Q: 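Below: one structure in structure tokens.
Numbers here simply count residues along the sequence, with the first being 1. Source: prediction; values computed, not measured. Atoms considered below: every heavy atom in the structure, side chains included; atoms not considered: hydrogens, waters and symmetry mates.
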Amino acid sequence: MAYIPKEHKKYNLLPGITKNGYEVIIFDRKLMNEIEKDFKDKKILLKIESLDKNIMHYWDYNSYEQYFNDIDLLISIFPFMKKKLDEYKSSLILRNDKRKWGVLKYIGISNYNFTNNNYYYVPIYEINGKFYDDGIIDNEEESSVVTTTYEVSNFKVIIDLYGILKNKYNENDILH
């Protein structure tokens, strides 16, 4: 089930995956591609039969812990990949601290990606003192479809702990 920090629960964030018992996982796409390439170059198939899935696929996990356990299983089977897989796990921890994420309210006309008056997460993380955001997690609620194109005037900033969203949105609209 998706972890939602106590202070965010009132916004009904990620209702679909919460209802279905899954977690949204934001990852470093470049690092994941490097890992997949390393395995492919060594002609190692990432599918582990006991798991019945490609272990680098980040969907259908009920928790971060479950995903980390599967990555640890990969490390135990392929110790030569330990350094890169540990780096990947560290990047997951960095990117998936929802207490640091921003929250936006959609005030535009409902469409496939966004529903009027719903709230949406903006994954925010820090690397070497600089803050980054990975777009808005839209109605599909999968990290693979984080929306990066949208009409900024259709959102109001609700939570912006680090002040990075005000650069994209009218800072007079910031509610929290």
Side-chain angles (χ1 to χ4, degrees), residues 1-33 35 53 55-72 85-108 110 112-150 152 154-171 173-176:
M1 176 183 271
Y3 166 70
I4 307 291
K6 181 181 167 188
E7 59 272 16
H8 295 174
K9 288 194 183 287
K10 64 185 172 188
Y11 300 116
N12 192 31
L13 293 152
L14 305 173
I17 62 169
T18 299
K19 177 184 172 189
N20 294 317
Y22 295 110
E23 183 58 85
V24 64
I25 298 174
I26 304 300
F27 61 94
D28 181 335
R29 189 171 306 275
K30 180 180 174 198
L31 186 54
M32 180 187 276
N33 289 341
I35 291 168
K53 67 168 74 173
I55 202 163
M56 294 309 291
H57 290 172
Y58 44 83
W59 55 85
D60 292 343
Y61 280 94
N62 300 44
S63 68
Y64 298 119
E65 293 79 16
Q66 182 188 28
Y67 190 44
F68 291 161
N69 288 339
D70 284 355
I71 293 169
D72 288 339
L85 289 169
D86 281 343
E87 181 183 353
Y88 180 67
K89 278 178 51 178
S90 293
S91 76
L92 290 169
I93 292 167
L94 178 78
R95 285 173 164 76
N96 288 282
D97 184 350
K98 290 184 185 135
R99 296 168 301 170
K100 297 178 180 180
W101 288 7
V103 175
L104 300 176
K105 181 177 183 178
Y106 184 69
I107 57 173
S110 295
Y112 180 76
N113 291 319
F114 301 105
T115 303
N116 182 263
N117 287 321
N118 279 10
Y119 296 88
Y120 296 90
Y121 266 132
V122 178
I124 296 173
Y125 54 95
E126 178 186 3
I127 298 175
N128 297 324
K130 185 173 179 185
F131 290 95
Y132 299 88
D133 79 84
D134 274 345
I136 303 170
I137 300 176
D138 66 11
N139 284 337
E140 290 203 22
E141 299 179 353
E142 292 184 28
S143 60
S144 63
V145 291
V146 171
T147 302
T148 57
T149 57
Y150 41 80
V152 295
N154 287 334
F155 293 93
K156 285 201 178 267
V157 178
I158 305 300
I159 298 176
D160 184 15
L161 298 178
Y162 307 101
I164 70 164
L165 298 177
K166 71 181 179 184
N167 296 327
K168 290 185 177 182
Y169 305 90
N170 182 342
E171 74 184 285
D173 289 341
I174 296 177
L175 302 178
H176 185 277

Q: Look up atom CZ in Arg99 and atom NZ in Lys6, then write down how far apart they are to the nearest 0.5 Å.
A: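 That separation rounds to 14.0 Å.
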Q: Are any of the side-chain heavy atoms of Lys89 and Tyr64 separated by less than 4.5 Å?
A: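 With C-beta onward as the side chain, the pair stays apart.
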Q: Can you measure from CG (Asn96) to CZ (Phe27) and round to the nearest 0.5 angstrom?
A: 10.0 Å
Q: Taking the side chain as every heavy atom from C-beta outward, state whether Phe114 and Asp138 have any atom pair closer than 4.5 Å.
A: yes
Q: Are Asp28 and Lys30 ion-paired here, with the side-chain N under 4.0 Å from a carboxylate O?
A: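 Answer for the salt bridge query: no.
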Q: Let me see the working for Leu104 and Ile158 under side chain to side chain contact (heavy atoms under 4.5 Å, CB included), right down to the final yes or no.
A: CA-CA 5 Å; Leu104 300 176; Ile158 305 300; 5.7 Å; no
Q: Check step by step if side chain to side chain contact (heavy atoms under 4.5 Å, CB included) holds for Asp97 and Lys100.
A: CA-CA 6 Å; Asp97 184 350; Lys100 297 178 180 180; 3.4 Å; yes
Q: Is it the case that the side chains of Tyr121 and His8 hold a donor-acceptor pair, with the cut-off being a distance below 3.5 Å and no angle test?
A: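 Looking only at side-chain atoms, Tyr121 and His8 do form a donor-acceptor pair, the distance falling under 3.5 Å.
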Q: About how many Å separate CG of Asp72 and CG of Asn69, when rounded to the nearest 0.5 Å?
A: 6.0 Å
Q: Check the pair Phe155, Leu165 against side chain to side chain contact (heavy atoms under 4.5 Å, CB included), reporting the backbone distance first and the verdict last.
A: CA-CA 11 Å; Phe155 293 93; Leu165 298 177; over 6 Å; no
Q: Looking at Ile164, is its backbone amide N or carbonyl O close enough to the side chain of Asp160 to form a donor-acceptor pair, meaning the two atoms are under 3.5 Å apart?
A: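 Here the side-chain-to-backbone pair exists.
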Q: Is any side-chain heavy atom of Tyr106 closer than 4.5 Å to one of Tyr120?
A: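 In contact.
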Q: Is there side-chain contact between Asn117 and Lys105, with heavy atoms separated by less than 4.5 Å?
A: yes
Q: Rounded to the nearest 0.5 Å, how far apart are CH2 of Trp101 and CD1 of Ile159?
A: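 Going from CH2 on Trp101 over to CD1 on Ile159, the span is 12.5 Å.
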Q: Can Tyr61 and Asp70 be counted as having a side-chain donor-acceptor contact under 3.5 angstrom?
A: yes
Q: Is there a side-chain contact between Ile137 and Ile26, using heavy atoms and a 4.5 Å cut-off?
A: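 With C-beta onward as the side chain, the pair touches.
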Q: Closer than 3.5 angstrom, by distance alone: can the side chain of Ser91 be matched with the main-chain N or O of Tyr88 as a donor-acceptor pair?
A: yes
Q: So Val103 and Val122, do their side chains get closer than 4.5 Å, heavy atoms only?
A: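 In short, these two side chains do not touch, never coming nearer than 4.5 Å.
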Q: Which distance, rounded to the nearest 0.5 Å, do you find between the CG of Asn20 and the CG of Leu14?
A: 12.0 Å
Q: Keeping the roles fixed (side chain from Asn116, backbone from Ile107), state whether a donor-acceptor pair exists under 3.5 Å.
A: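 Looks like yes, one N/O pair under 3.5 Å.
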Q: Please examine the side chains of Tyr132 and Ile127, heavy atoms only from C-beta on, and report whether any two atoms are closer than 4.5 Å.
A: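 SC-SC contact between Ile127 and Tyr132 confirmed.
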Q: Does the side chain of Ile71 come within less than 4.5 Å of Leu92's, by heavy atoms?
A: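 Yes - at least one pair of side-chain heavy atoms lies under 4.5 Å apart.
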Q: Between Pro123 and Gly135, which heavy-atom pair has the shortest distance, and what is it?
A: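 Smallest interatomic distance, heavy atoms only, reads CD-O, 3.2 Å.
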Q: Could you walk me through whether Asn139 and Asn113 pass the side chain to side chain contact (heavy atoms under 4.5 Å, CB included) test, one step at a time?
A: CA-CA 5 Å; Asn139 284 337; Asn113 291 319; 5.6 Å; no
Q: Any salt bridge linking Glu126 with Arg95? Criterion: basic side-chain nitrogen under 4.0 Å from a carboxylate oxygen.
A: no
Q: What distance separates Ser63 OG from Tyr3 OH, expressed to the nearest 0.5 Å?
A: 13.5 Å
